[in-house]
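Throughout, a chain's letter reflects where its sequence line sits, starting with A, and its residues are numbered from 1.
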Amino acid sequence: MPLLEVDRVSKGFGGVLAVSGVSFSVAAGELVGIMGPNGSGKTTLFNLIAGALAPDGGRIRLHGRDIAGLAPHRICARGIARTFQLVRPFAGLSALDNVLVGRLYGRAAGGRAAAVAEAERLLVLVGLDGRAATPAARLTLIDRKRLELARALATSPELLLLDEFMAGLNPAETATAMTLVRRLVADGLTVLMVEHIVWALMDLARRILVLSAGEKIAEGPPQAVAADPNVVDVYLGGAPARA
Amino acid sequence: MTERRWALGILLALGALAFLPLSRARDDVLNFVFLILLSITLAQSWNIVAGYAGQVNLGHAAFFGLGALLARVLWIRGTPIVVAMLAGAALATAFALLIGAPAFRLRGAYFAIGTLALGEILRTTVNNVLPEISTLPAATIAGYQLRHRYYLALALAAVSVVAVTVLAGSRAGLGMQAIREDEEAAEASGVGALRLKLTALALSTALAGLAGGLFAYYHISYYPSHPFGPHWTFDALLMTFIGGVGTLQGPVLGAILYVVLKEYLAVRWVDFHLLIFGALFIAIVLLLPGGLVQAAERARGLVGRRGRRPL
Ligand SMILES: Nc1ncnc2c1ncn2[C@@H]1O[C@H](COP(=O)(O)OP(=O)(O)OP(=O)(O)O)[C@@H](O)[C@H]1O
Ligand SMILES: [Mg+2]
């Protein structure tokens with residue numbers, strides 16, 4: 001049984017179908033990439049999986065159990081964590097407290113002391129050593145992204161949703177982030193990542209989904225997807241792609 | 001950790017105030033300190049739901065009023081005052097939980113406006129149902145002991161400070177602050193926002209209800225709708241903002257400054273003190289959203305920077 005099954009899921013906003021009958025599944029331990037032009041429904045799809053939005057139709061199953069429409073905190077408790085495309089750390093809280101929220105409210109058991117130790121370990125893991133006491137509002141964009149990742153990891157997820165985690169990073173930082181993601185997957189985490197930096201996605205993912213105007217137009221290994229005429233058409237033709 | 005230190009300092013100061021009645025202090029001094037202590041409790045209660053959980057409750061007076069209403073009735077009929085106050089607090093909290101779930105469906109400004117309307121509806125209702133002034137029986141007035149009120153106020157202020165200290169260091173307190181910062185991100189991190197907001201509201205309104213009971217015990221006569229008046233809400237809000245919203249010490253410092261200033265201004269500029277407070281409030285929100293606490297931090301930052309500068 002796959003870890004995550006998305007089955008003919010749809011979501012509309014007023015007249016716009018942001019996600020339209022999308023199906024795919026993710027096996028435990030996989031790293032799957034999602035790409036698509038601006039407004040093609042990638043973030044909406046993440047919002048549906050993470051419970052921030054309820055689908056209009058379709059099923060979303062984790063370990064075979066339907067999770068569509070559950071509150072986000074319940075989905076977090078089932079083992080799905082996310083980062084936000086536009087970072088949303090708890091600005092007024094210290095970096096450590098940001099991660100502690102994930103640790104204390106996520107799936108991890110254990111007391112306060114263990115939670116603090118684990119939160120500190122995660123800060124080091126994402127490269128925020130020495131920043132524990134810094135309010136999140138005072139971190140740079142990159143560091144806020146790292147912080148969000150640490151907060152998500154602190155909930156002990158099985159599946160991590162990364163929404164354009166590499167956007168805004170310079171090449172060196174992108175390389176560091178890729179190493180980190182690889183390491184997480186090597187440690188057993190399943191990752192679903194939306195990314196505009198196509199070479200990073202091609203490099204990381206064994207399988208890529210392509211969305212266009214809310215529909216899945218391609219799915220497969222990076223090379224096959226890159227050569228797919230539908231994909232080429234979307235990226236070079238009609239629909240506007242990000243520069 | 002600085003929170004613990006503040007808590008200790010404040011509790012020591014409250015402990016010292018316990019000796020004030022023994023020093024044969026004049027009644028007007030005791031009345032003045034009483035007012036500060038009542039204000040600390042009320043401000044701290046508002047701080048829990050607004051400062052920690054980020055839900056700006058503009059109907060806070062309703063819970064103060066409900067506490068006062070029930071405690072007064074029970075106490076005058078012979079219930080011991082502490083029991084009567086607890087009953088008043090229970091009523092305030094029960095009402096809060098009843099309206100909490102629908103009210104929290106409103107977000108941001110709508111929650112603020114909704115609670116404001118609710119408070120006014122309650123005040124008007126009480127005013128219509130109980131238009132007569134409530135006065136203590138002659139026998140009670142004859143045996144009136146200001147000291148008893150004073151010590152109860154002292155105990156209640158201490159309870160409010162301890163409650164916020166415990167909350168601030170707890171898992172629930174951290175979750176509330178996460179909701180205040182970003183509810184959606186908090187939910188995504190596993191925080192059940194509705195339940196925690198209700199917890200904050202329950203705690204906040206229980207304290208407000210107790211403060212209302214204290215008010216009912218203190219005043220010889222007042223209109224039952226008076227403690228429902230919106231100025232109780234705005235006093236608590238102003239004190240909390242002046243001191244520093246979402247901190248332990250802020251409402252305490254704010255309450256002291258506010259009561260002292262108000263007393264001073266009311267004597268000298270009877271007509272202008274509201275205007276002055278309005279201006280003060282706007283100045284704080286615009287220039288120092290963190291209140292006195294932030295001002296102190298900034299001052300310390302300036303001093304520290306100067307100290308570290310190489311010679
Ligand atoms: N909360 C919302 N309310 C109304 N419309 C929305 C909402 N969220 C998304 N949309 C619309 O749904 C469509 C898909 O948006 P979405 O954010 O999912 O795209 P995306 O693929 O993540 O784009 P980008 O690459 O710019 O991040 C867009 O037309 C967008 O305007
Ligand atoms: Mg997006």
Under a 4.5 Å cutoff for heavy-atom pairs, which residue among Gly92(A), Ala71(A), Gly106(A), Ala136(A) has the most contacts with chain B? Gly92(A)

The interface call for Ile179(B) against chain A, heavy-atom contacts under 4.5 Å, is neither

For Ile75(A), which atoms come within 4.5 Å of any heavy atom of chain B: side chain, backbone, both, or neither? neither

Can you name the residues of residues 27-34 of chain A that have some heavy atom under 4.5 Å away from a heavy atom in chain B? none

Pairs of donor and acceptor atoms, chain A with chain B, under 3.5 Å:
residue, atom, partner, partner atom, Å
His73(A), N, Glu187(B), O, 3.4
His73(A), N, Glu187(B), OE1, 2.9
His73(A), ND1, Glu187(B), OE1, 2.8
His73(A), ND1, Glu187(B), OE2, 3.1
Arg88(A), NE, Asp182(B), OD2, 2.8
Arg88(A), NH1, Glu184(B), OE1, 3.3
Arg88(A), NH1, Glu184(B), OE2, 3.3
Arg88(A), NH2, Asp182(B), OD1, 3.1
Ala91(A), N, Glu181(B), OE1, 3.4
Gly92(A), N, Glu181(B), OE1, 2.8
Leu104(A), O, Arg171(B), NE, 2.8
Leu104(A), O, Arg171(B), NH2, 3.1
Tyr105(A), OH, Arg171(B), O, 2.7
Arg151(A), NE, Ser189(B), OG, 3.4

Which heavy atom of Ala188(B) sits nearest to which heavy atom of Phe84(A), and what is that distance? CB-CZ, 3.9 Å

Looking only at heavy atoms, which of residues 48-65 of chain A get nearer than 4.5 Å to chain B? Ala52(A)

Output side-chain donor-acceptor pairs under 3.5 Å for residues 277-292 of chain B, partner residues at least two apart or in another chain, one line each.
none

